[in-house]
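One structure is given below, encoded as structure tokens.
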Amino acid sequence: MGNEESVDRPENVEQLGIWLESVKPKLLSYIDKNLGPALRSRLEPDDILQEVVVSAFSNPSQVIESVREPFRMVCQMAEQRIIDAHRRHVGAEKRSVKREVSLNQPAASANDGNEFMNMLVASMTSPSGAFSREQREFRLAAALSELTEEQQTALRMRYVEGLSTKEVAEAIGKSDGAVRVMLSRTVTELQNYMKEAG
């Protein structure tokens, strides 16, 4: 890649990808320090990192056009994801660890400000209602229907039910690493599809 790696402030989506890759170790270290013991038993720092990357690509202007220094911006995004995860996992644990998440109130959509993930959750929990809400949601629901059953199950468990990748891996009989790769590739495929669809 040569000098592509030295992007200080990304100016477009392509540079955003290069920049995120270059700050990944530093961002992962920041997340690791801020995760806290209650969440550490349920989540890996990589889980939060993955959500931050998805959020950055779903709304690139929040990083590219931010008046704030880009790394501080993604750290703030990571903090918000950690707060959301704490609310989701630790708060839910107090009520009932095994409680099924209501389809009308998906855990991953609560106050997270993540447009793509909100759209993904909404499309998965109520595909029939997607058309009446927004054309983009309808397109996403159509794209989701093209995924394999295993991909759909993994996405639902991770982003709708709010399970960690370890828990998803146990449920579908795969390794944690394989689930991470599958989720990352699937979300990227969906994002690319949405970009191509305009």
Side-chain angles (χ1 to χ4, degrees), residues 20 24 27-28 31-32 34-58 74 77-127 130 137 140-194:
L20 281 169
K24 194 191 236 178
L27 183 56
L28 201 53
I31 292 167
D32 189 45
N34 288 277
L35 204 54
L39 274 179
R40 199 172 294 281
S41 62
R42 308 270 326 223
L43 289 172
E44 296 287 333
D46 271 338
D47 292 322
I48 300 294
L49 177 68
Q50 190 178 64
E51 289 185 25
V52 172
V53 170
V54 168
S55 178
F57 275 112
S58 66
V74 291
M77 289 160 64
E79 278 177 25
Q80 189 57 54
R81 296 296 169 284
I82 291 168
I83 291 166
D84 291 340
H86 193 277
R87 208 178 277 141
R88 213 160 48 223
H89 292 290
V90 180
E93 216 166 72
K94 288 175 186 171
R95 293 188 297 273
S96 168
V97 177
K98 297 290 181 185
R99 185 178 66 83
E100 280 189 9
V101 176
S102 164
L103 291 182
N104 295 324
Q105 296 177 326
S109 70
N111 304 319
D112 67 1
N114 184 330
E115 185 187 358
F116 181 79
M117 294 318 299
N118 284 344
M119 244 173 44
L120 177 63
V121 170
S123 298
M124 292 191 82
T125 54
S126 182
E137 246 175 58
L140 185 53
L144 284 164
S145 70
E146 298 295 315
L147 299 177
T148 66
E149 190 177 334
E150 186 176 65
Q151 285 174 308
Q152 289 182 39
T153 299
L155 281 174
R156 182 172 287 105
M157 293 178 83
R158 176 73 183 98
Y159 297 113
V160 177
E161 297 176 24
L163 300 180
S164 70
T165 53
K166 280 182 182 174
E167 291 169 316
V168 176
E170 284 173 21
I172 66 175
K174 283 187 172 289
S175 71
D176 187 27
V179 167
R180 287 174 191 276
V181 170
M182 178 172 63
L183 285 169
S184 182
R185 285 181 180 163
T186 304
V187 169
T188 300
E189 280 173 28
L190 291 170
Q191 287 175 318
N192 289 340
Y193 171 83
M194 294 303 287

Value rounded to 0.5 Å, distance of [atom1] in [X] from [atom2] in [Y]:
X    : Y    : atom1 : atom2 : result
S55  : R81  : OG    : CZ    : 4.0 Å
L190 : Q151 : CG    : CD    : 8.0 Å
I82  : L43  : CD1   : CG    : 9.5 Å
K24  : L49  : NZ    : CG    : 6.0 Å
R156 : E149 : CZ    : CD    : 9.5 Å
I48  : M77  : CD1   : CE    : 12.0 Å

May I ask you to test the [X]-[Y] pair for a side-chain heavy-atom distance under 4.5 Å?
X    : Y    : answer
E79  : N34  : no
R158 : E51  : yes
L183 : Y159 : yes

Give the intermediate values and the outcome of side-chain contact (heavy atoms from CB on, under 4.5 Å) for residues L155 and V187.
-> CA-CA 9 Å; L155 281 174; V187 169; 4.0 Å; yes
side-chain hydrogen bond (donor to acceptor under 3.5 Å, both in side chains) with E44: which of Q50, R180, K166?
->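 Result: among Q50, R180, K166, K166 is the only option passing the side-chain hydrogen bond (donor to acceptor under 3.5 Å, both in side chains) with E44.
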Please name the pair of heavy atoms, one in [X] and one in [Y], separated by the smallest distance, quoted to 0.1 Å.
X    : Y    : value
A78  : V52  : CA-CG2, 3.5 Å
E167 : S164 : OE1-N, 2.8 Å
L20  : A56  : CD1-CB, 4.0 Å

Looking only at side chains, do T165 and D47 share a donor and an acceptor under 3.5 Å apart?
->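 There is such a pair between these side chains.
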Contacts of E170 that satisfy side-chain hydrogen bond (donor to acceptor under 3.5 Å, both in side chains) - sequence neighbours left out |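 None.
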Kindly write out the residues that satisfy side chain to side chain contact (heavy atoms under 4.5 Å, CB included) with A171, not counting sequence neighbours, or none if the list is empty.
->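 Testing A171 for side chain to side chain contact (heavy atoms under 4.5 Å, CB included), a comparison that skips the adjacent residues, returns M157.
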Contacts of type salt bridge (charged side-chain N to carboxylate O under 4.0 Å, His left out), residue E146, not counting sequence neighbours |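 Checked E146 against salt bridge (charged side-chain N to carboxylate O under 4.0 Å, His left out); zero matches.
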